[in-house]
Amino acid sequence: MKEFLNDLYEAMGGKHLTMWLANIIVWAIIILALPVATWLSTLDYEAAKTSLNVVWGIFMSPFCIYFINFYVFGPLLFYINEKEAHTFRVYNKLSNRTRYWLFALCNLITIPLLNIKFFMLWFNRDSIPNMPEMSPNMWIGFFSGVFMFLMLNCIVAGIAIGIRHFIRTRQIRQQLKEEKAKNTEAELAWLKNQINPHFLFNTLNNISSLTQIDPDAAQDAIAQLSDLLRYAMYETNKKTVPISGEVEFMRNYIALMKLRCNEKTEVKTTFDTQQNVEIAPLLFISLVENAFKHGVSSSRNSTIDIHLEQKDNHIVFTCDNTNYPKDDADRSGSGIGLENTRRRLELMYHDRYEWEQALVGDIYHVKITIKL
């Protein structure tokens, strides 16, 4: 029984204290406006009390109808969530159309019951002392007024459901927004977790090649790789990192990659970042990897030109390299890094980045412009 009452309390919105207070304050203003105005204008306590009794007599029924629909009929018959459906199992078996008809029936019963005094006046008219004689036209006018008042109660019920619907819609939108943010964070974490082993895999391949050319240089490269991995594993756990760290990381990585290049390869780099703004970690490393993987040939002239520049509130990364596509047997360049880069840009800088990608002659060109 206690669990049922707690679930009913939740279904009625009992935990939303702000909602309770807002409803009470609005209705208090409506009901107390005329009595307070009466007291301020006459300074007569009895007149203000009489005014309050009259106003309460008029608004008692709409007041009750509003709160009954807002906190009982609305949650139980209009907006049943999974928890409420589990608690009120009988409603879970009803279709939406049936529940809406039940909602209308409950109101058609509740509204007349709350206004039964009007009907009692008709039935007990002969027993009321000093009751003036009323003509049929006067009774028609009386019941016309009663009908309009009952319609006002129906309108108040509709207003209660409308407000409830507006609040519920905002809550659902907020929940969807939070869920989308959580999913985005999870996907970003997954993409970044893919970058680290992908980066390690490619770097180890390069060092493996270097051991056959210059073992001493390979030992130095392993030390540089240690520094690079330390940054990749411990400094990039945040959503954004200072661009200075990213620049240093790319410098070290490029220096490591240049060790395996011969005299036929020309590598040019330009890093021009005046302010230490923050960007997503390891955002450009896949493009640098691709430049060395697909832009370097041991037998032909090769060029790699990497440029990172900060212009006001924009970061511009450009990479141009000769294009020597891998054959089908070489799966080291499967394109996963490029796909991850584009997906991370879409998730973190949606509508704030531009991507250019083209093959001009034998030069592969990629340019990323990010608005910070």
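We number each residue from 1, following the sequence as shown. Small disclaimer: the values here were computed from a predicted structure and weren't measured.
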Inset, instruction - With side-chain contact (heavy atoms from CB on, under 4.5 Å) as the test, would you mind laying out the steps for Ile243 and Leu308 before giving the verdict? - result: CA-CA 10 Å; Ile243 195 172; Leu308 181 64; 4.2 Å; yes
Inset, instruction - Not counting sequence neighbours, which residues clear ring-ring contact (aromatic ring centres under 6.0 Å, His included) with Tyr364? List them please. - result: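 Partners of Tyr364 under the ring-ring contact (aromatic ring centres under 6.0 Å, His included) test: none.
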Legend entry - Side-chain hydrophobic cluster, 4.5 Å single linkage: members besides Ile25: Ile29
Is it true that a side-chain atom of [X] and a backbone atom of [Y] form a donor plus acceptor pair closer than 3.5 Å?
{"X": "Arg300", "Y": "Lys264", "result": "no"}
{"X": "Glu246", "Y": "Leu282", "result": "yes"}
{"X": "Thr318", "Y": "Lys367", "result": "no"}
{"X": "Thr110", "Y": "Cys106", "result": "yes"}
{"X": "Thr303", "Y": "Asn301", "result": "no"}

Can you tell me how far [atom2] of [Y] sits from [atom1] of [X], rounded to the nearest 0.5 angstrom?
{"X": "Ile306", "Y": "Arg251", "atom1": "CD1", "atom2": "CZ", "answer": "11.0 Å"}
{"X": "Leu287", "Y": "Ile368", "atom1": "CG", "atom2": "CD1", "answer": "4.5 Å"}
{"X": "Phe317", "Y": "Glu356", "atom1": "CZ", "atom2": "CD", "answer": "13.0 Å"}

Inset, instruction - For atom CD of Glu354, decide whether the heavy atoms of other residues, nucleotides or ligands shown that lie under 6.0 angstrom number more than 12. - result: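 Atom CD in Glu354 is not packed in, count stays at 12 or less.
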Could you check whether [Y] and [X], counting side-chain N and O atoms only, form a donor-acceptor pair closer than 3.5 Å?
{"X": "Thr273", "Y": "Gln310", "value": "no"}
{"X": "Thr322", "Y": "Asp362", "value": "no"}
{"X": "Tyr71", "Y": "Asn23", "value": "yes"}

Inset, instruction - State, to 0.1 Å, how close Ser297 and Ser302 come at their nearest heavy-atom pair, and which atoms those are. - result: N-OG, 2.9 Å
Inset, instruction - Determine the minimum heavy-atom distance between Tyr349 and Lys371, stating which atoms define it. - result: CD2-O, 4.5 Å
Inset, instruction - Decide yes or no for Leu52 and Ile31: does some side-chain heavy atom of the first lie under 4.5 Å from some side-chain heavy atom of the second? - result: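 Result yes, sub-4.5 Å side-chain heavy-atom pair found.
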Legend entry - Of all pairs that satisfy ring-ring contact (aromatic ring centres under 6.0 Å, His included), the ones with a partner from residues 256-279, not counting sequence neighbours: none
Legend entry - Pair listing, ring-ring contact (aromatic ring centres under 6.0 Å, His included) test, anchored in residues 32-59, at least two apart: Trp56-Phe63
Inset, instruction - Check step by step if side-chain contact (heavy atoms from CB on, under 4.5 Å) holds for Leu359 and Ile363. - result: CA-CA 6 Å; Leu359 182 60; Ile363 299 297; 5.9 Å; no
Inset, instruction - Give every residue pair that meets the salt bridge (charged side-chain N to carboxylate O under 4.0 Å, His left out) criterion with at least one member in residues 37-66, sequence neighbours excluded. - result: none
Legend entry - Residue pairs fulfilling salt bridge (charged side-chain N to carboxylate O under 4.0 Å, His left out) with at least one residue in residues 301-314, sequence neighbours excluded: Glu309-Lys311
Inset, instruction - Could you label the plane-to-plane angle of the Phe292 and Tyr253 rings as parallel, tilted or perpendicular, counting under 30° as parallel and over 60° as perpendicular? - result: perpendicular
Inset, instruction - Would you please test Ile370 and His314 for side-chain contact (heavy atoms from CB on, under 4.5 Å) and show each step? - result: CA-CA 5 Å; Ile370 300 174; His314 289 76; over 6 Å; no
